[in-house]
Amino acid sequence: MVSLPDYAELHCLSNFTFLRGASRPEELVERAQALGYAALAITDECSVAGAVRAHVAARQSGLKLIIGTEIRLDDGLKLVLLATSRRGYGSLCTLITRGRMRSAKGHYQLARYDLEDGLSDCLVLLVPGNRPDPEDARYVAERFPGRAWIAVELLCGPNDRARLAALREIGAHSGLPLVATGDVHMHVRSRRPLQDTLAAIRLGIPVHKAGHALYPNAERHLRLRARLAQVYPPELVVETISIAGRCDFSLESLRYEYPDEIVPPGHTPASHLRSLTETGLLRRFPCGTPKHVRNLVEHELALIAELGYEHFFLTVYDIVQYARSQGILCQGRGSAANSAVCYALGITEVDPARMSVLFERFISRERNEPPDIDVDFEHQRREQVIQYIYRKYGRDRAALAATVITYRPRSALRDVGKALGLELSQLDRLAKSMNWWDGRRVLPERLREGGFAPDSPVIERLIRLVNDLVGFPRHLSQHVGGFVISRGPLSHLVPVENAAMPERSVIQWDKDDLDALGLLKVDVLALGMLSAIRRCLGLVERYRGGALTMQTILDRGDDATVYEMIRRADTIGVFQIESRAQMSMLPRLKPREFYDLVIEVAIVRPGPIQGGMVHPYLRRRQGLEPVTYPSEAVKKVLSRTLGVPIFQEQVMELAVVAAGFTPGEADNLRRSMAAWRRKGGLEHFYSRLIGGMLGRGYTREFAEQIYQQILGFGEYGFPESHSVSFALLAYVSAWLKHHEPAAFLAAMLNSQPLGFYSSSQLVQDARRHGVEMLPVDVTASDWECTLEPSDDWSPVTVHRSRLSSPAVRLGLLVIKGLSQAGAERVVAARLQSPYINVEDLVRRAGLDRRDLRSLAAAGALARLAGHRHLAHWQAAGVEAPPRLLSEAPMRESAPHLSTPTEGEELIADYGSLGLTLGRHPLALLRRRLARMRLATASELNRLANGRPARTAGLVTCRQRPSTAKGVVFVTLEDETGYVNVVVWRDLVEKQRRELLGSSLLGVEGEIQREGEVVHLVAHRLTDHTRLLGQLAAQSRDFH
Amino acid sequence: MLWLALHFPALALDACTRGAHAPLPIVIASSPGNNAVVLACNHFAQRRGVRSGMPLAAACALSSELVVRARDVAAERAALERVASWALQFTPAVSIAQPAEVLLEAGGSLKLFGGLNRLCVRLENGLAELGYGFVLACAPTPFAAQLFARAGLPARIRHRDALRASLGRLTLDIFDLPHESATLLRAIGARTFDDCMRLPRDGMARRLGQEFLDTLDRALGRIPDPRPKFVPPTGFVAALMLPAPVHEAGQLLFAARRLLAELCGFLSATGNGAQRLAFALAHEDRAETRLTLDLAAATRDLEHLISVLRERLECLALPCPATAITLKSELLLPVASRNLSLLPDSREHAEAVGRLVERLRARLSAGAVRGLDTATDHRPERAWQICEPGNERSAQEAHTLARPLWLLASPKPLKEIEAMPHYEGPLALLAGPERIESGWWDGDDIVRDYFIARNPAHALLWVYRERRHDGGWYLHGFFA
């Protein structure tokens, strides 16, 4: 038997060459290993986005991986570049960066002059086109002497023999040696249909029309070595090995270097961090640091020093410090954020003196995980922080991590369907049958529901291809806020490219990649609630005087009245616990102290719901089920959550104490948990986990349950360390809502869009709580909503007492179509002197027609012009540009315009403001609804369990949680409150039209009451939208 | 002056549905894109909850059976022009008002047609035959007639005195006002013509412009409102989309009747008859099927034309479902006269090739005369295609592949002796393998290695080895 030749594949694209490569990097590595290749180069087109995945796979399997890239210059010259060293890798990344940064997102552009610096430490393969050009060979030979080859790709074309001969001749003339390469696009030949489909998608034509744009055969796969020996002359095969031998670079050798400038001269990173921490402790604990906090600090600082993470904490501190100096509210979360050091540095408000349980898990040396700190900033001002980072470190040293946007079933279906030539309407129908949710695969049942035969050949092909394509990367997008900052130019570490947003750049790796290489990033995230809280604190301070901060609220300790409000589920607008699901949980969970909120925040999430943790926890909490633990070790992990794992950390600890994982393995498990939905690959943990637990004497039932919980956690597992930070904001916002409802409403309105509820719903809720509202008015409103003393309060005589409750004056910002600049001129000119009429307003505020019309539509001119019809008439009569003051006022005959009806006012209010201070629309219809025997929300919510009921209300929200098996939850609003409607799947299918198409929905059904929680289970739906006439009620569909 | 206005409220829909009586829920979308909205829908769609104005995606969510067509403005415009051509038989003064009205000045025609009511009945019957939904209104000014028709009021107002009162109740949304004016009028609570008439004229002029006052005055006939006369085209071409593909030729008669009715109206308006009718049936992904009716004499007799067509359709086999039908009338002749010239003129000369094909087809049946063309497909069997004669791609695409001129209709299995293929003796493989693996998408996937081979008789053959199934050898073509 002839021995197989050694071979290294040097030209291989993964699916990170979007819409060309048809195999994942991992698949390529595994296959190359299985075929006994000596090495594999991943050479994605002007990209290393797939390199880390390949690297991780190669590290596991022991295959030698070469990092390279394929580039096509603007004159058509096609090269494969391979890195031989760290330096070569750096010049590769620099070249890619250059090509990418001068093009729009997703494209690149390179020319011969870009190769002029010689690409030190890179090897170059010339990939000749259909008609090889000797000139190209000569150019490459001269430019890269001694390190360039002609890549010979014999792929069973029309005449391989002639091609080989031609390339040999060119090689002889130019002096370039020849090497065998495979132009690999897929790991096995059976990926041909997918590869053809990708090509068709790329070209935007159906595959049956793609013709010669498709490859004629499937030879572009990782071929058997025996086959290669038949195709290539031996010397060309041997050459691959000598080239691979010259490549001595591994991503393992990348080291991340933090910027220097955050340590002032005369300090070491450690001494600087120490002094900042001490200063912070003095501020936090003016009466002396408690002993256990002092111990924690020492423990943490020692650990930080040991692992060399000072720079990381200093970088985060620097950013937070900047935000604070600008008055931008921010809050850190994550395991490392909940530390005494971070508390001292002001990165978090979670006080170690009160929340001991968390601080044990700071960072552990065993887990070898990079420290995790996400910092949330006010959403409207995060951009300022980002610009600060760019300014401080420069665009060449700071960039965002990428997010790999992958094919989802729906997008895959659409693209594959188009490529298979299915009709637009058919595709829509198909996509609809995948409506809203579904896991990561296309299920035949879904197709059958949509009226497609899953076993017809076309549909069969479609399903197969879609399932192959799901999870494939489509393009790189920017991570929400993960910054990578380096000491030198970032482009030596990883290529940087343009993001879709102007002035943003992203690196080619995502957070899993960074994680895998142990590179650190700082998450700069946006959180709307922080904006609202900061505004609310400011409003209260201005109205009442005195300082109010998050810390002063927290320092007052747990407020029983706030928890009472939370237990009533009176939480519209409160951070994290305002959704319908949260609201129906609150009366059952009955939070009494801060840690209850931490659990509440974490428990109503897909992870715990899918893992089946919610009901056991509730039963145990209500005392309906005994709290038991299978062992002492488990008890230690789970006692704070009554024996039910709720947080991600607990699941990992369980893996350690119950299944015998090392902390490092548990950390791998965490990463896989986060990624399995996208990549799969949790299966091999299964046997380890189950085996480990059985071996330690746990029952199989318990073991399986833990595994299911891990699966359920997947992408959605919520860590306690994040939950605590969120619970803190939940508490602060609940406190503000309870004690300062007017300020809270004003702040929420000023921070829209934010949270779960529309402005209208927030206003309705506040009014039910007795908050007085004042209309938007050019003679009184600022841009933002403000607080005014209510009633006939006189500013001179009455002291602003703590007890007086202010009214909310709607700000001009609620007016649709009004420019902020115009509105601000209105406010500024009013400060000079009050307006006497519309013309005076237009002249002094320099309003254009559009702004004026918006004001008239909003009813904001009422004090100057009368009712809306008159306001519009006057507004339209003002001539632009306004006439000079000296001219006599216009005289014209006054028209007789009808006064708008209440209904017209209502419609105009909703049209212009999105809310009304008049009666609720249903109040206007109430007599009619009563005649139709439709009850109000408040009547309905008093009914006993099992009673039949009929009601109607504005649809404010439709939700179809992925965890609810096709059930749709609808929230109806009327003038008295809300009705929570449950629509079971059968009815959803039967009355889809009414369900999805109604703005005013009538429901007949049965009351389901569990304590305070009342649902109306629908039996029949009726569309009453026509009663609303023109009134467009807004519904927010949360998918 | 007496104006008749024909308003077509569902023109976009009718243009698409009038070709067939099918109980399909049809929806006209604003565009083929993602953000399309429903512009119009028939009552089958309405029954499923579809309303015009709703997003197309929402409509599709309501029913999975919707037939969605993107709006075709050009088709609508053409439809109006054909209606106008047809209407010329009633009066010489016809005018088109885009987007959906045709106006007839009928003052002079009343006598001829026996009075207003009879004229209206004739118009109504005729339009029904063409397959359009419409509102017919009559007023002393063209604009007023349009307004009544748009409002859905079949008014018959003959005198100007009665006009003011009837106009008063019309709402402003049918006035086709500029967006700005409409918005302002709505904002000040003015909803009807009367509301406007009550506003001070000076104030209106300042806010809404003189044009708005002119609009009101035009309706009332206070200022002149000249309308351009419609000039009919010299020939007749009409296309009709079929709402659903039609499989049998016989079913096409319904749609063809609509077209022929239009043609006959056009012919009688212009005093002509047609001697040759050319129908073209469009198919998806296939050259159209052509059908020519040569008549013994020029005619505009609808029933006669239909009976001739019916006979022809009965013996026509459709190669695949038809999606649209086009009628083109060639050789229009004044019905009284006839061209007796025997000698072909120059124009005919230029069409000689076409004629030759026509004649050959007439003799040999249409299917017997075909053109040949290349196709872009890696599979040899599909690398060529039949096309309509004269439609071959003139520019030969540079084809560097070695392909035989003579390809066997189906590959012929070859004997294999000692692992070598035989065809009249053992074959020597000169070049190859050229591997072709393609075609999974239509179920005809091939996986083959092709070789150029020579047999002892020095014939150059194109052979392949099947890489699946039996792994056998096949002969696929001859080079020489």
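Reminder, nothing fancy here: chain letters follow the sequence lines and each chain counts from 1.
Contact of B/Arg191 with chain A is made through the side chain alone, with heavy-atom distances under 4.5 Å. Proximity to chain A (any heavy atom under 4.5 Å) is shown, for B/Asp449, by neither the backbone nor the side chain. Using a 4.5 Å cut-off between heavy atoms, A/Leu155 does not touch chain B at all. Using a 4.5 Å cut-off between heavy atoms, B/Leu185 makes no contact with chain A at all. With a threshold of 4.5 angstrom between heavy atoms, B/Ile436 approaches chain A through its backbone and through its side chain. The contact between A/Pro193 and chain B is made by backbone and side chain atoms together, counting heavy-atom distances below 4.5 Å. Heavy atoms closer than 4.5 Å to chain B are found nowhere in A/Thr899, neither backbone nor side chain. For a residue to count as touching a neighbouring chain, one of its non-hydrogen atoms must lie under 4.5 Å from one of that chain's; by this rule B/Arg467 touches chain A with the side chain only. A/Pro457 does not touch chain B: none of its heavy atoms, backbone or side chain, sits under 4.5 Å away.
With sequence neighbours left out, B/Glu381 forms a salt bridge (Lys or Arg N to Asp or Glu O under 4.0 Å) with B/Arg448.
In this structure, the separation between NE2 on A/His869 and CZ on B/Arg186 is 11.0 Å, given to the nearest 0.5 Å.
Around atom CD of B/Glu211, no more than 12 heavy atoms belonging to other residues, nucleotides or ligands sit under 6.0 Å away.
For the options A/His208, A/Lys209, A/Arg189, A/Glu904, heavy-atom pairs under 4.5 Å to chain B are most numerous at A/Arg189. Chain A forms more heavy-atom pairs under 4.5 Å with one residue of B/Asp195, B/Thr183, B/Asp445 than with any other, namely B/Asp445. Options A/Arg853, A/His867, A/Arg868 differ in how many heavy-atom pairs under 4.5 Å they form with chain B, and the most are formed by A/Arg853. Heavy-atom pairs under 4.5 Å with chain B were tallied for A/Ala210, A/Ser898, A/Ala218; the largest tally goes to A/Ala218.
In terms of modelled atom types and a separation under 3.5 Å, the side chain of A/Arg461 and the main chain of B/Trp441 share a donor-acceptor contact. A distance-only check finds no donor-acceptor pair linking the side chain of B/Arg206 to the backbone of A/Ala876 [under 3.5 Å]. Judged by distance alone, the side chain of B/His378 and the main-chain N or O of A/Leu214 form a donor-acceptor pair under 3.5 Å. At least one donor-acceptor pair under 3.5 Å links the side chain of A/Arg192 to the backbone N or O of B/Glu437.
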Go through A/Leu897 and B/Leu199 one step at a time and tell me if the side-chain contact (heavy atoms from CB on, under 4.5 Å) criterion holds. CA-CA 8 Å; A/Leu897 296 174; B/Leu199 293 172; 3.8 Å; yes
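Between B/Pro200 and A/Trp873, the closest heavy-atom pair is CG-CZ2, 4.1 Å. Closest non-hydrogen pair, A/His872 versus B/Ile188, comes out as CB-CG2, 3.7 Å.
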